[in-house]
Number of protein chains: 2
Amino acid sequence: MGFSDPRIGGGTAVDPGLLGELLSHAVARANFSGDADFQRAVGDRSITPLRYSLLELIGANPGLQQVQLAEALQLSRSAVTLAIDYWQGRGCVERRTSTIDRRSFGINLTETGNALLADLRTRVLAHDRRFAACLNQHERAELGRLLHKLQGGAE
Amino acid sequence: MGFSDPRIGGGTAVDPGLLGELLSHAVARANFSGDADFQRAVGDRSITPLRYSLLELIGANPGLQQVQLAEALQLSRSAVTLAIDYWQGRGCVERRTSTIDRRSFGINLTETGNALLADLRTRVLAHDRRFAACLNQHERAELGRLLHKLQGGAE
DNA sequence: TATTGTTATACTCTATAACTATA
DNA sequence: TATAGTTATAGAGTATAACAATA
């Protein structure tokens, strides 16, 4: 039944090859497992890390233009349009046409959006604590520092 | 022209809200910028980090079953089927029907696949060095250690 | 019955290009 | 001309469920 294969049964691991030495791959793996836990924590599978982060940004910066949100999240304008459409469809966000520049909108949370964001925050916070549960206080701070240092370092 | 908005012009940053405190979000951001650089390093936009990592694993573990590849990358069987289809379509990989268990294949690199993988490795290595360029030797080791510790910590 | 792999389906995410309206 | 936003399109990535072949 294939147990003659040394890789099976005895728990012999797959050889990661070069992957084991790549920091970028380690980041990708950590991200992947983080996403899975995020999903479990939030419950609603349509609320993804990206969509949550957009809602969070809107909550923290009421009235921002879509272009500014796109820049903050490093996304294209169309990607932001779609993500905002999602939240608007759920009644969480509204587009207020600007009186100064009628090409653009100010994006704001509705009452519903505010309530949902508050709920999401507790779930996401629990998720993040679980995500970093195996690290001590010092390690978390250090990881955060290193990751932030990495930001934009590959330009 | 909107410059009355304090967020515009003067370089005032967008408030990250809770995102600024989430380790999982910092990981996601780092991953995102890493992917962008990976793309630039590799050139061919259809060769994604996922597809590369599959090829790397096949190269390091000739003859593995698809199920084992799926487990190693934490993917569904169907996701692996599609990714292997991609490499097979490019003549880089072949499915050899097992004589022991005729339900499964052993996945192997072709000559073409071997050559491509060798080329990719130098590009990906350059990418990873650039990715971590702003960290010193000690910081890289520490980041690697912390990320590996994170693996599976959210289960 | 259980497992390996495939296929069908459905969604998310992303970008580019072409478009509209406004500046 | 340039910018904000939308739409259409295309492709990547993912999972679930139903299926075939084999164990």
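Numbered from 1 within each chain, the chains take letters A, B, ... in sequence-line order.
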Length of the CZ-P vector between A:R95 and D:dT6, whole Å: 4 Å
Touch class at under 4.0 angstrom, heavy-atom based, for A:T81 against every strand present: base
Rounded distance (Å) that lies between atom C1' of C:dT3 and atom CD of B:Q66: 13 Å
Side chains of A:L146 and B:E142 in contact at under 4.5 Å (non-hydrogen atoms): yes
B:A28: side chain to side chain contact (heavy atoms under 4.5 Å, CB included) partners, not counting sequence neighbours: A:N31
A:Q68 vs D:dA4: side-chain N/O to OP1/OP2 distance below 4.0 Å: no
Below 4.0 Å: OP1/OP2 of C:dT14 and any side-chain N or O of A:R51: no
Distance in angstrom units between B:R90 CZ and D:dA12 P, rounded: 10 Å
Rounded interatomic separation in angstrom, taking CG from A:L50 and C1' from C:dA15: 14 Å
Donor-acceptor side-chain pairing of B:Q88 and B:R95 below 3.5 angstrom: yes
Contact list (N/O, under 3.5 angstrom) for nucleotides 15-18 of chain D vs protein:
unit_1: D:dA15; atom_1: OP2; unit_2: B:S76; atom_2: N; d: 3.0
unit_1: D:dA15; atom_1: OP2; unit_2: B:S76; atom_2: OG; d: 2.8
unit_1: D:dT16; atom_1: O4; unit_2: B:S78; atom_2: OG; d: 2.8

Closest non-hydrogen atom pair between A:G59 and A:L109, with its separation: CA-CD2, 3.5 Å
Close side-chain approach of B:L116 to B:W87, heavy-atom, < 4.5 Å: yes
Rounded distance in Å - CG (B:L73) to P (D:dG13): 12 Å
Any B:Q39 side-chain N or O less than 4.0 Å from OP1/OP2 of C:dT14: no
Side chain A:R103 and base D:dT3 donor-acceptor under 3.5 Å: yes
B:E139: salt bridge (charged side-chain N to carboxylate O under 4.0 Å, His left out) partners, not counting sequence neighbours: A:R145, A:K149
Listed nucleotide nearest any side-chain atom of B:T48, set C:dT12, D:dG13, D:dG5: D:dG13
Interatomic distance where CD belongs to A:Q88 and C1' belongs to D:dT6 [whole Å]: 12 Å
Charged N-O contact under 4.0 Å between A:E94 and A:R96: yes
Rounded distance (Å) that lies between atom P of D:dT6 and atom CG of A:L69: 12 Å
Euclidean distance, atom CG of residue B:D85 to atom C1' of D:dG11 [Å, nearest integer]: 16 Å
